[in-house]
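Beneath this line is the structure, given in structure tokens, with notes to follow.
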Amino acid sequence: MANVTQVIHKYLRHNKKFPLVFCPGCGHGIVLGSLVRSVDALNIPQDKVVVVAGIGCSGRIAAYVDFNTVHATHGRALTLATGIKMSNPELTVIAVMGDGDAFSIGGNHFIHAARRNVGVTALVLNNFIYGMTGGQCSSTTPFGAYSHTSPFGQLEKSFDIVDMARASGANGVFRESVFHAKRLDALLQKALSRPGFNLVEALTPCFTQYGRNNKFKTPVDMFSWLKKYAVPIEKYEKLENKDGYIPTGVFVEKEEPGLEARYAAMRDSLRAGKGGAA
Amino acid sequence: MSAPAKKKRKLMFALGNEAVAEGALIAGCSFFAGYPITPSTEIMEIMAKRLPQTEDGVFLQMEDEIASMGACIGASLAGRKAMTATSGPGFSLMQEQIGYACMTETPLVLVNVMRGGASTGLPTNPGQGDVQQARWGAHGDHPIIVLSAGDVPECLTMTVTAFNFAEKYRTPVILLLDEVTAHTREKIEIPAPDEFQIFNRLVPSMPPEWYKPYEETVRGVPPMPPIGSGYRFHVTGLIHDKLGFPTSRPDEVKGLNERLFRKIDRFFHDIQLVDRYETEDCDHLVIAYGSVARSAKLAVRQARERGVKAGLLTLRTLFPFPRIHVEPLLRHCSKILVPELNMGQISREVKRVNNGRVQVRTINRVDGQIITPSQILKEIS
Amino acid sequence: MTRKKKGKTKVTVYPAWCKGCGICAAFCPAKVLEMGPDGKARAVREEDCVNCGFCELHCPDFAISVEPADPEKNGKSAEDESPAEESALPAREHAGENQPG
Ligand SMILES: Cc1ncc(C[n+]2csc(CCOP(=O)(O)OP(=O)(O)O)c2C)c(N)n1
Ligand code: SF4
Ligand code: SF4
Ligand code: SF4
Ligand SMILES: [Mg+2]
């Protein structure tokens, strides 16, 4: 691997104000690094990469990277990403979303994008909370967890993003924690080089809005928690007591063509006079 | 717009909705995303069939109207001419994305076939209740272009116009039809594509490193490269500086907000389209749009036959409200009648422009039925 | 697993970008990094660095770079960046030609 920092710098927009807007110890910065390294490792030209982000702390990533970047509306990143990919299938389209973004307000778009199997990589930064608006619960906030809108503990159950993606028909489903950055890189690279809709869920700590209110004393504590509890699926399966552990790794790897490829094939066959679907 | 290339013209017995689809294809629309809703659905069904038979056309049925708008915005950013079509409830769902398209200066065409009533209302009856929503539906101060069409041939030409304005001014354009116009079947001649002037958005000519995506230009409309063409820039719904990055510096905030208005305001003469019928010497002016204008035309003709100096101003552009065309008529008419299928949404614009000078009366029909010529005739003779 | 090679790297913390989160210091397997009185991380035992790459990959603010002191003599890869998961601490691979950006 090339000099890590140098690679990052190659892709940062240096006229942007640094350091990043994120709080100290926010995992989002690590995901940003992983995204950049993955694109670099795959040698995808910057001009051909499109990052479509939603609204949230996670969405701020878009402004920092020197790709084609679109900072969309809250929850709708995947809809724009779909329009872009279908319009120009040559592009590598990455939708960067928060958990609230992708699975609360944007949940419907997520399941349909997965069902359509449109060739977009959904990178969901799951910090179990609404970071940007100051710590309200999201659809992934764990049962019992505290937030400003569940001050007595969350009574609702949470979504498992991997299960949602799998059930919706995504071509590829991956999860990793930012503590395991190198594994995250590998999964992201895999997702970016595969056809169809691919989900990468990145478990990323938000100490400011989640950790502090849930018995973590420092950002470091949250990394220690991920280090211990985010375990590869193979290991997870063998655990006797799975309580609190989160399986990571590869959950689905199908090779179905993306919607854009199916659409192009249909167009071709119609124009050739065969008149049928792909 | 039209020229005599007669031999290429195709005769068709078409619905207003079919004419919209035809117009879109002539204008170069290669992307449609939508969600079915009466009375606009035929537009999407035709696009579903026609677009995949073109070289690069894409049709998508999305999961809702928010997604439809999102997909169109994405497509437009990627260089496509994109359109969606909807009706009342779907139009409400689209509002946030319309604001985003205004802020990001993303061209697209949105056809709203108005039905009756609020909420689910009267799905299969006409209404004109979305006029002010079309202007002000998205939050925050923003300019927008709203057009209307009243018969089948107009559905075609106004759709082409909507695309031209969208591309020329980098803005979403809303085309309002009403259920009657959309579902009336009329014989129309489909003009050959080369009979129209088709406007395509300006793309930058400078090298990418010189490109400033939101720079002031003579027209106020910055050039727009398709995503992926080598000009990497940032698109955001946040107030942004000339490079496209978020800012809250008062001078930059002001600069963007004012330019967004200015790029439309400076071109009222180009954007504000009306049709005049017997208005030169009229004393009794009718101002109408959509299907109501058809009834009004008949009523004005009949009134003239009875010796009444009646005239009709049909509004093709609803917003920016065509003040420059209404104002001169106030000098010689003594009465204005504004018939509408709502409780008075354009009449308030007329009253604003009139500013108490002449008498303004309205016909407001909200029972799901059309305004008939005789209803109008009664008021002007 | 390769044996650890110490003292082959230069560890630089850029204080302007460091937000003092402490992640690097907490997880550096060789205790190279410490939090200074200014609240920022600093390399206090550079010579102990085993070039595992953890700090550089995990600093959320890109405030640390680890580069080979002797560009010729690097090139071992790490299977896993989480040091405590593995008993041996492998060295990280470097493409020696690169200079810090
Ligand atoms: C339509 C709409 N509703 C609400 C908001 C306010 N809002 C901004 S970000 C956000 C939640 C962000 O949470 P998440 O998506 O998890 O991202 P994070 O900040 O945690 O990275 C909300 C509710 C908005 N911008 N738009
Ligand atoms: S609030 Fe949370 S998610 Fe947002 S920047 Fe701070 S730590 Fe990160
Ligand atoms: S990880 Fe980065 S930001 Fe955090 S203390 Fe270390 S150098 Fe500073
Ligand atoms: S590379 Fe590893 S050993 Fe060296 S300073 Fe960083 S974390 Fe410590
Ligand atoms: Mg979140």
Side-chain angles (χ1 to χ4, degrees), chain A residues 13 15-17 45-53 55 59-60 62-93 105-106 108-109 111-113 115-116 118 259-260 263-264 266-271 275 277, chain B residues 30-33 49-82 84 96-101 103-104 106 108 208 225-238 240-241 243-246:
Chain A
R13 281 174 167 148
N15 53 353
K16 293 299 90 212
K17 291 183 195 80
Q46 274 159 283
D47 281 336
K48 298 297 167 201
V49 178
V50 189
V51 171
V52 187
I55 303 287
R60 289 301 176 108
Y64 290 108
V65 281
D66 190 9
F67 300 128
N68 303 285
T69 53
V70 182
H71 187 213
T73 45
H74 188 36
R76 321 297 174 197
L78 277 172
T79 69
L80 277 82
T82 300
I84 293 169
K85 183 67 181 182
M86 292 301 289
S87 295
N88 187 353
E90 250 187 43
L91 302 173
T92 298
V93 183
I105 190 166
N108 198 34
H109 305 311
I111 59 175
H112 285 280
R115 173 185 64 78
R116 273 184 199 110
V118 62
L259 179 66
E260 63 287 352
Y263 207 92
M266 173 174 75
R267 247 183 343 227
D268 288 349
S269 77
L270 284 171
R271 276 150 56 83
Chain B
S30 68
F31 189 96
F32 185 102
K49 206 163 175 180
R50 297 281 293 277
L51 280 172
Q53 300 188 50
T54 64
E55 193 184 328
D56 62 351
V58 176
F59 165 87
L60 287 177
Q61 177 170 334
M62 298 301 287
E63 53 273 20
D64 60 26
E65 287 83 352
I66 303 173
S68 306
M69 271 296 289
C72 285
I73 291 168
S76 182
L77 290 172
R80 300 298 190 105
K81 289 189 181 180
T84 184
E96 187 196 10
Q97 307 293 75
I98 294 173
Y100 182 83
M103 179 59 96
T104 57
T106 305
L108 59 88
I227 278 183
S229 63
Y231 294 82
R232 295 193 299 275
F233 67 104
H234 187 59
V235 178
T236 178
L238 288 165
H240 41 271
D241 59 20
L243 292 173
F245 295 106

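All values below come from the heavy atoms of this structure, side chains included, with hydrogens, waters and symmetry mates left out. We name chains A, B, ... by the order of the sequence lines, and we start the count at 1 in each one.
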Handout entry: Contact winner vs chain B - A/His71, A/Arg13, A/Gln46, A/Arg115, heavy-atom pairs under 4.5 Å
Key = A/His71
Practice task
Over all heavy atoms of both residues, which pair between B/Phe245 and A/Ala63 is shortest? Give the atoms and the distance, please.
Solution key: CE2-O, 3.6 Å
Handout entry: Pairs meeting criterion side-chain hydrogen bond (donor to acceptor under 3.5 Å, both in side chains) with involvement of residues 72-83 of chain A, two or more places apart
Key = A/Thr73-B/Gln97, A/His74-A/Asp101, A/Arg76-A/His109
Exercise for the section: Give, as side chain, backbone, both or neither, the part of A/Val50 having an atom under 4.5 angstrom from any heavy atom of chain B. Expected result: side chain
Practice task
Give, as side chain, backbone, both or neither, the part of A/Glu90 having an atom under 4.5 angstrom from any heavy atom of chain B.
Solution key: neither
Exercise for the section: Provide the closest heavy-atom pair for B/Phe31 versus A/Ser87 in the form atom of the first, atom of the second, distance. Expected result: CD1-OG, 3.6 Å
Practice task
Can you tell which part of B/Ala33 gets under 4.5 Å to a heavy atom of chain A, answering side chain, backbone, both or neither?
Solution key: neither
Completion exercise
Looking only at B/Gly74, B/Pro226, B/Ala67, most heavy-atom pairs under 4.5 Å shared with chain A are made by B/Gly74
Handout entry: Which of B/Gly237, B/Ala78, B/Gly230 touches chain A most, by non-hydrogen pairs under 4.5 Å
Key = B/Gly230
Handout entry: Atom group of B/Phe233 that falls short of 4.5 Å from chain A, counting heavy atoms
Key = backbone
Problem - Region of B/Phe59 in contact with chain A, defined by heavy-atom distances below 4.5 Å - result: both
Practice task
Against chain A, label B/Ser76 side chain, backbone, both or neither, depending on which of its atoms sit under 4.5 Å from a heavy atom there.
Solution key: neither
Practice task
Go through the structure and list residues passing salt bridge (charged side-chain N to carboxylate O under 4.0 Å, His left out) with B/Arg232, not counting sequence neighbours.
Solution key: A/Asp47, A/Asp66
Fill in the blank from the handout: When every non-hydrogen atom of A/Leu270 is compared with those of B/Gln53, the smallest separation belongs to CD1-CG, 4.1 Å
Practice task
Among the options B/Gly99, B/Gly70, B/Ser68, pick out the one with the most heavy-atom pairs lying under 4.5 Å from chain A.
Solution key: B/Gly70
Exercise for the section: Grab the two heavy atoms, one from B/Gly57 and one from A/Arg267, that are nearest each other, plus how far apart they are. Expected result: O-NH1, 2.7 Å
Handout entry: Contacting region of B/Met69 [heavy-atom separation from chain A under 4.5 Å]
Key = neither
Practice task
Could you look at B/Ile227 and say if it's the side chain, the backbone, both or neither that has a heavy atom under 4.5 Å from chain A?
Solution key: both
Exercise for the section: Pick whichever of B/Leu51, B/Asp64, B/Thr104, B/Thr236 has the most heavy-atom pairs under 4.5 Å with chain A. Expected result: B/Thr236
Practice task
May I ask you to name which of B/Ile66, B/Leu77, B/Leu60 has the most heavy-atom pairs under 4.5 Å with chain A?
Solution key: B/Ile66
Handout entry: A/Met86 to B/Val58 - nearest heavy-atom pair and separation
Key = O-CG2, 3.5 Å
Exercise for the section: Using non-hydrogen atoms and a 4.5 Å limit, figure out which bit of A/Arg116 sits close to chain B: side chain, backbone, both or neither. Expected result: side chain
Exercise for the section: Identify the two heavy atoms, one from B/Tyr100 and one from A/Leu80, that lie closest to each other, and give their separation to 0.1 Å. Expected result: CE2-CD2, 3.9 Å
Practice task
Measure A/Leu259 against the heavy atoms of chain B and call it side chain, backbone, both or neither at under 4.5 Å.
Solution key: side chain
